[in-house]
Amino acid sequence: MSTAPTKASVTRSVDLPIEQARWITLKKIEWKDQEGKERTWEMAERKTRTATTGVDAVAILALLSGPNVPLSTVIIEQFRPPVNAYAIELPAGLIDPKDTLESCAFRELEEETGFKAESVVEVSPLMVCDPGMTSANMKLIVLRVPISESDMDSSGSVVLPQQKLEDGEHIVRRVVELSKLKGIIDDYTSRGFVVDARLSHFISGWEMASRLQNGLL
């Protein structure tokens with residue numbers, strides 16, 4: 001089991017002039033409320049949204065299954081400077097101008113985890129991540145990843161394939177049975193990791209559905 005790494009950390013945080021910002025900009029919104037009163041709002045906006053999709057990013061829920069493989073998914077660990085902590089997340093990535101939602105999801109999953117998806121199971125409606133602060137949006141793409149006997153080691157564990165990480169990316173992968181996901185995440189948080197809200201919400205929904213199915217709610 002991996003432990004919380006300590007090598008990466010924030011060493012300095014300073015104000016950034018808006019003209020030097022490469023990925024994000026700030027905007028002032030002027031709007032009228034339900035009573036007709038004029039108000040203002042400050043928001044952050046990504047500069048990378050493409051006109052072809054109108055979507056900033058995708059998150060990927062990979063469903064791994066096969067002979068003698070309980071339904072599982074793959075989660076990742078990586079350092080996130082804005083929160084100065086290691087985060088547990090679903091694989092995800094920004095959409096390139098040449099991408100469709102689906103092609104981005106297939107590519108990002110393989111780059112970050114090494115797993116190659118076979119098909120798209122579901123594409124979520126458009127979701128916003130922090131609507132009080134940013135216009136950033138995303139979609140969740142559920143992908144099916146078949147696991148064969150040749151993908152297993154002698155102990156019955158899934159062998160992790162080669163990643164295709166970009167320079168500066170340091171991502172640790174972990175295959176987890178869905179039935180054990182909550183316990184694994186609870187262990188991560190006890191060791192100082194933070195959990196991405198998208199993954200946390202999925203786990204809450206999965207646990208709630210399981211309890212309802214078993215008559216525990």
Side-chain angles (χ1 to χ4, degrees), residues 1-5 43-44 46 53 55-66 69-95 101-102 104-106 108-109 111-113 115 117-147 157-158 160 171-217:
M1 180 176 294
S2 57
T3 57
M43 80 164 187
R46 287 191 182 275
T53 64
V55 181
D56 291 313
V58 296
I60 303 118
L61 176 64
L63 298 179
L64 282 62
S65 62
V69 181
L71 186 61
S72 303
T73 193
V74 57
I75 57 176
I76 63 173
E77 311 167 14
Q78 64 176 323
F79 182 74
R80 290 300 196 181
V83 293
N84 195 20
Y86 281 83
I88 308 303
E89 308 172 348
L90 294 171
L94 296 176
I95 298 172
L101 299 174
E102 294 81 3
C104 179
F106 276 80
E108 289 291 344
L109 179 67
E111 288 179 358
E112 294 191 354
T113 73
F115 287 103
E118 177 183 71
S119 59
V120 176
V121 177
E122 184 175 286
V123 178
S124 78
L126 188 68
M127 298 184 289
V128 292
C129 304
D130 191 349
M133 188 191 77
T134 177
S135 61
N137 62 26
M138 61 162 293
K139 290 197 175 189
L140 176 68
I141 314 291
V142 183
L143 299 179
R144 190 179 308 281
V145 179
I147 302 296
S157 298
V158 177
L160 295 176
I171 294 175
V172 176
R173 310 151 290 165
R174 185 171 182 182
V175 174
V176 181
E177 293 179 30
L178 288 181
S179 62
K180 299 178 180 179
L181 188 53
K182 185 179 185 303
I184 296 296
I185 295 303
D186 288 345
D187 177 68
Y188 271 117
T189 57
S190 72
R191 293 185 286 124
F193 290 82
V194 297
V195 183
D196 182 83
R198 290 158 288 195
L199 176 58
S200 180
H201 294 164
F202 169 75
I203 294 170
S204 294
W206 180 271
E207 288 295 310
M208 183 99 36
S210 298
R211 292 165 67 190
L212 283 168
Q213 186 177 33
N214 293 318
L216 300 178
L217 282 180

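Below, all heavy atoms of this structure are taken into account, side chains as well, without hydrogens, waters or symmetry copies. The residues of the chain are indexed from 1 along the displayed sequence.
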Minimal non-hydrogen separation, [X] against [Y], with atom names:
X	Y	value
L109	A62	CD1-CB, 4.0 Å
V58	M138	C-CE, 4.4 Å
R173	V74	CB-CG2, 4.2 Å
V55	N137	CA-OD1, 3.3 Å
A92	A59	CB-CA, 3.9 Å

Could you pull out every donor-acceptor pair under 3.5 Å between side chains of residues 192-204 and any protein atom, sequence neighbours left out?
| residue | atom | partner | partner atom | Å |
| --- | --- | --- | --- | --- |
| D196 | OD1 | R198 | NH2 | 2.9 |
| D196 | OD2 | R198 | N | 2.9 |
| D196 | OD2 | R198 | NE | 2.8 |
| H201 | ND1 | A197 | O | 3.3 |
| S204 | OG | S200 | O | 3.2 |

Inter- and intrachain pairs under salt bridge (Lys or Arg N to Asp or Glu O under 4.0 Å), touching residues 200-210, at least two apart
none
Salt bridge (Lys or Arg N to Asp or Glu O under 4.0 Å) pairs touching residues 119-145, sequence neighbours excluded, are none
Under the side-chain contact (heavy atoms from CB on, under 4.5 Å) test, residues paired with [X] that sit two or more places apart:
X	result
I171	I76, Q78, E112, Q163, L165, E169
E102	T100, V120, V123
P146	E118

If we only count heavy atoms from C-beta on, is the L90 to I60 side-chain gap below 4.5 Å?
no
Are any of the side-chain heavy atoms of L178 and L63 separated by less than 4.5 Å?
yes
To the closest 0.5 Å, what do you measure between [atom1] ([X]) and [atom2] ([Y])?
X	Y	atom1	atom2	answer
L71	L181	CG	CG	11.0 Å
C104	E111	SG	CD	8.5 Å
L64	L143	CG	CG	10.5 Å

Partners meeting side chain to side chain donor-acceptor pair (under 3.5 Å) with [X] (sequence neighbours left out):
X	result
S65	none
T134	none
K182	D186

Intermediate values then yes/no, side chain to side chain contact (heavy atoms under 4.5 Å, CB included), Y86 and V172
CA-CA 11 Å; Y86 281 83; V172 176; over 6 Å; no
Show me the side-chain donor-acceptor pairs of residues 210-217 shorter than 3.5 Å, one per line, residues at least two apart or across chains.
| residue | atom | partner | partner atom | Å |
| --- | --- | --- | --- | --- |
| S210 | OG | W206 | O | 3.0 |
| N214 | ND2 | S210 | O | 3.0 |

Salt bridge (charged side-chain N to carboxylate O under 4.0 Å, His left out) partners of E89, counting only residues at least two apart
R80
Residues F115, L160; criterion side chain to side chain contact (heavy atoms under 4.5 Å, CB included); working and verdict:
CA-CA 8 Å; F115 287 103; L160 295 176; 4.1 Å; yes
Run the side chain to side chain contact (heavy atoms under 4.5 Å, CB included) check on I75 and I185 step by step: do they pass?
CA-CA 10 Å; I75 57 176; I185 295 303; 4.1 Å; yes
A136 backbone acceptor or donor facing R46 side chain under 3.5 Å:
no
